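By convention here, the first residue in the shown sequence is residue 1. The model shown is predicted, which means the values in this text are computed figures rather than measured ones. Worth knowing before you read on, the calculation uses all heavy atoms, side chains too, and leaves out hydrogens, waters and symmetry mates.
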Amino acid sequence: MANLLDCRLCVGQSTFFSTGMNCCGPYTVKLGRRQEKQWGLTCNFMTTKVVHLEILASMDADALHMAFRRFATQRGLKRIAPSDCGTNFMGAETELKEYFKDVSKELQKKLIERQVEFHFNPPSAPHFKGTWEIEMKTIKNALKCCLKDQVVPKAVLQKVMMEVEGLINSMPLGCKS
C-alpha cells in the first residue's frame with residue numbers, strides 16, 4: 001500500500017488547510033421564468049473529511065474563483081487545494097497567479113503567506129483522489145436522491161446542498177468512506 005499524501009497529514013493546521021475540490025452536476029434551476037444549469041463545487045478537507053458545498057453558476061474560472069472566495073471567507077483561508085485537471089481549476093490557478101504578479105510589492109509581501117497552492121491530479125486518473133472520490137459519490141447520490149430530475153428554484157438547490165453538507169459532516173468517520 002502506498003504512503004498517504006502529504007496533504008492528508010496536515011496535523012496542527014486549521015480544519016480546511018488542505019482542501020480538495022471537485023465539481024458535480026449540472027442541476028437545472030428555475031430563475032424567474034427561465035431555466036439554467038448550475039453545478040456544485042465540493043470542498044473536502046483531506047484530513048478529517050469535513051465537506052463544504054457551494055453552487056457554481058457556470059463551469060468557467062470566474063465562477064470557480066468566486067465560489068472559492070465564498071468558501072475561504074466562510075471557512076478560513078486555505079493553502080493547498082488538490083483537484084483534477086478541469087479547465088476551470090487550471091484557469092482559476094492562472095488567474096490567481098496573474099493577479100498576484102500585478103499587485104504592488106508591499107501587498108505581495110503581505111499576501112505571500114496566504115497564497116494558495118494548486119496540486120493537480122494526472123489527467124484521467126480519478127483514483128489518485130482515493131477516499132475523496134468516494135465522498136463525491138456519497139454527495140452525488142444524496143443530491144440525486146433529494147432532487148431527482150426536478151427543476152427547482154436556486155434557493156431550494158442551495159438549501160438541499162446545505163442539508164447534504166450537514167448530513168455528510170454529521171456521519172461518523174468510519175461511515176464516510
Measuring from [X]:[atom1] to [Y]:[atom2], what's the distance to the nearest 0.5 Å?
{"X": "K140", "Y": "T42", "atom1": "NZ", "atom2": "OG1", "result": "8.0 Å"}
{"X": "L41", "Y": "M66", "atom1": "CG", "atom2": "CE", "result": "13.0 Å"}
{"X": "Y27", "Y": "Q150", "atom1": "OH", "atom2": "CD", "result": "13.5 Å"}

Please step through side-chain contact (heavy atoms from CB on, under 4.5 Å) for the pair C23 and M59, ending with a clear verdict. CA-CA 9 Å; C23 293; M59 287 294 283; 4.0 Å; yes
Could you tell me which non-hydrogen atom of [X] sits nearest to which non-hydrogen atom of [Y], and how far apart they are?
{"X": "L56", "Y": "A67", "answer": "CD2-CB, 3.5 Å"}
{"X": "C24", "Y": "L143", "answer": "SG-CD1, 4.2 Å"}
{"X": "F71", "Y": "H52", "answer": "CD1-CD2, 3.2 Å"}
{"X": "L53", "Y": "M161", "answer": "CD1-O, 3.3 Å"}
{"X": "A63", "Y": "S58", "answer": "CB-O, 3.4 Å"}

Decide yes or no on side-chain contact (heavy atoms from CB on, under 4.5 Å) for I168 and E135, but give the supporting numbers first. CA-CA 8 Å; I168 301 292; E135 289 174 19; 5.8 Å; no
With a 3.5 Å distance limit and no angle check, can you tell me whether N169 reaches the backbone of V51 through a side-chain donor-acceptor pair? yes
Quick one: does any side-chain atom of Q35 pair with a main-chain N or O of T28 as donor and acceptor, under 3.5 Å?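 It does not hold such a pair.
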Count I, L, V, M, F, W, Y as connected when their side-chain heavy atoms are under 4.5 Å apart, and connections chain through other members. Are V156 and I139 then in the same cluster? yes
